[in-house]
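Input: a single structure, listed below in structure tokens.
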Amino acid sequence: MTTVFVTSATGSQGSALCNELRNLGWNVRATTRDLNSPVAQSLLSAGVHLTLGNWDDEDSLRKGLEGSNKLFLCLLPSLTDFDQAPRRAALIARVAREVGVNHVVSSTTLGSFLVEPGFVPSIRLGPFFDAHVRSKKRVEQAAIDGGFAHWTVLRPGFFMANFVEPKIQFGYIETKEGSWTNSLTAESPLGLVDHLDIARFAVAAFQDPTTYHGRKLGVISEELQVQDAMDQLADAIGDGRSIKAIFMTDEEIAREQAKGSWLFFSSEPCLRHLSGYTDLDELQRLVPGLMTFKDFLIREKEAVRVTYLSLIDVHPTPL
Ligand SMILES: NC(=O)c1ccc[n+]([C@@H]2O[C@H](COP(=O)([O-])OP(=O)(O)OC[C@H]3O[C@@H](n4cnc5c(N)ncnc54)[C@H](OP(=O)(O)O)[C@@H]3O)[C@@H](O)[C@H]2O)c1
């Protein structure tokens with residue numbers, strides 16, 4: 001029997017993956033820090049073997065991983081301790097190997113391409129973003145060096161879910177205020193990804209280890225220019241508003257970088273180059289029927305309504 005241990009199972013990618021795998025009839029194991037959360041409860045109802053656990057606690061990880069032969073590795077970054085996620089990844093990879101896992105799929109970020117040897121961007125990364133993507137790269141390396149027979153790294157682009165609750169609270173974008181000030185240009189395409197598509201790529205890699213082994217795959221669902229994405233979002237909200245993409249000048253970006261801003265999309269001109277690291281034709285061939293932003297906004301119409309049309313103000317929570 002195939003048994004997959006899914007990290008971040010109650011998160012957007014992880015919960016989508018758990019559901020896909022359960023639909024295939026595979027065993028799914030995972031941990032959470034809160035068995036009573038609505039997502040944890042729905043995973044339990046779907047038949048996921050969910051136990052209490054924490055990425056810093058080896059005993060709970062071992063208990064969760066016991067009996068698994070595949071691992072989905074997706075860890076949250078710490079924006080104050082760039083060693084934290086790599087340290088956790090190394091621990092999870094070691095315990096996974098010890099219990100008999102032989103196949104890992106790791107989901108990190110498209111930004112990892114910018115610090116890949118041989119992929120030197122023409123623009124220097126800001127120190128904060130540089131530390132963040134190098135930390136992600138070390139998470140990938142823990143999967144690659146973990147001694148697994150097969151490994152695949154998925155590097156997702158910008159989540160479509162960032163435009164709605166609850167992820168809009170992270171503060172990447174201020175579209176609720178009618179604009180999005182960003183460090184792209186009017187011409188540079190934005191690689192958007194639906195978290196359900198990330199899950200579908202993870203399933204594809206788990207089902208076909210040979211084809212996907214050794215790949216570092218940039219994963220997006222659709223590429224759009226930022227103003228087009230804003231127009232689609234405004235249309236989906238449907239109350240006649242417009243949302244303006246504001247493209248920062250190089251001087252404005254340099255000032256943000258000098259302040260050490262963690263808001264990558266208003267301080268990193270290198271993001272203009274990320275579309276060079278994805279191949280939509282190949283992605284469509286590997287996983288046909290990738291989501292469009294327009295259809296994502298229809299599927300998530302309740303989240304769009306709550307985010308943009310609700311009278312209740314949702315207060316941001318710190319990262
Ligand atoms: N947003 C974007 O545009 C974007 C783009 C590229 C890559 N990414 C990356 O995607 C990842 C986030 O994925 P996501 O959005 O699917 O996740 P998410 O929805 O933010 O969920 C976070 C998950 O992390 C788990 N978690 C957090 N701390 C934990 C700990 N100490 N021990 C065990 N579990 C812990 C939570 O589990 P419990 O709370 O249930 O314990 C939850 O399942 C990040 O690494 C981010 O850098 C994001």
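Residue numbers start at 1 and run along the sequence shown. Counting convention: from 1, in listed order, for ligands and their atoms alike. Side chains are part of it too, since the values below use all heavy atoms of this structure and drop only hydrogens, waters and symmetry mates.
For the pair R155 and F113, the distance from NZ or CZ to the six-membered ring centre is under 6.0 Å and the angle to the ring normal is within 45 degrees.
For atom 8 (N) of ligand 1, the nearest non-hydrogen atom from the set F158, F159, F163, W55 belongs to F159. Of the candidates K136, Q13, H195, it is K136 that places a heavy atom closest to atom 44 (C) of ligand 1. Among T108, V219, L154, the residue whose heavy atom sits closest to atom 7 (C) of ligand 1 is T108.
The shortest contact between atom 23 (C) of ligand 1 and any protein heavy atom is with S8 OG, 3.5 Å. Protein heavy atom closest to atom 12 (C) of ligand 1, with residue, atom name and distance, is L76 CD2, 3.6 Å. Residue, atom and distance of the protein heavy atom nearest to atom 37 (O) of ligand 1 are T10 OG1, 3.1 Å. When only non-hydrogen protein atoms are considered, atom 21 (O) of ligand 1 lies nearest to G11 CA, 3.2 Å. Counting protein heavy atoms only, atom 27 (C) of ligand 1 is closest to R33 NH2, 3.2 Å.
Of the residues listed (C74, S15, S68, C18), the one engaging V6 in a side chain to side chain contact (heavy atoms under 4.5 Å, CB included) is C18, and it is the only one. Among F148, F72, F206, Y212, the one residue that satisfies the ring pair (Phe, Tyr, Trp, His ring centres under 6.0 Å) test with H103 is F206.
Any N or O atom pair closer than 3.5 Å counts here, and S12 shares at least one such pair with ligand 1. Taking distance alone, with nitrogen or oxygen atoms compared against 3.5 Å, G53 stays at or beyond that limit from ligand 1. Polar contact with ligand 1: absent for T31 (N/O pair, distance under 3.5 Å). Backbone and side-chain nitrogen or oxygen atoms of K167 are examined, and one is located within less than 3.5 angstrom of a nitrogen or oxygen of ligand 1. Residue P156 has no N or O atom closer than 3.5 Å to an N or O atom of ligand 1.
Applying the 4.0 Å criterion to heavy atoms of R88 picks out, from ligand 1, the atoms 31 (N). Of all the atoms in ligand 1, the ones that sit under 4.0 Å from a non-hydrogen atom of N162 are 1 (N), 2 (C), 3 (O). Distances below 4.0 Å separate heavy atoms of P77 from the following atoms of ligand 1: 44 (C), 45 (O), 47 (O). Residue-ligand proximity, T32 to ligand 1, at heavy-atom distances under 4.0 Å covers atoms 38 (P), 40 (O), 41 (O).
Defined by atom type and a distance below 3.5 Å, a donor-acceptor pair is present between the side-chain atoms of T181 and E174. For the residue pair D197 and S221, a side-chain donor N or O sits within less than 3.5 Å of a side-chain acceptor on the partner. No hydrogens or angles considered: a donor-acceptor pair under 3.5 Å links the side chains of T211 and D208.
Closest approach of S267 and E256 over heavy atoms only: CB-CB, 4.0 Å.
By the side-chain hydrogen bond (donor to acceptor under 3.5 Å, both in side chains) test, S42 is found to be paired with no residue, residues two or more places apart in sequence or in another chain being considered.
Taking the six-membered ring for Trp and the full ring otherwise, F163 and F296 have centroids separated by 6.0 Å or more. Side-chain rings of F82 and F128 approach one another, their centers coming within less than 6.0 Å.
The shortest separation from a heavy atom of G157 to ligand 1 is under 4.0 Å, placing the residue in contact.
Contact annotation for V193 and ligand 1: no heavy atom of the residue comes within less than 4.0 Å of the ligand.
Around the NZ atom of K216, the shell of radius 6.0 Å holds more than 12 heavy atoms that belong to other residues, nucleotides or ligands.
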With side chain to side chain contact (heavy atoms under 4.5 Å, CB included) as the test, would you mind laying out the steps for L196 and M291 before giving the verdict?
CA-CA 8 Å; L196 266 63; M291 183 57 72; 6.0 Å; no
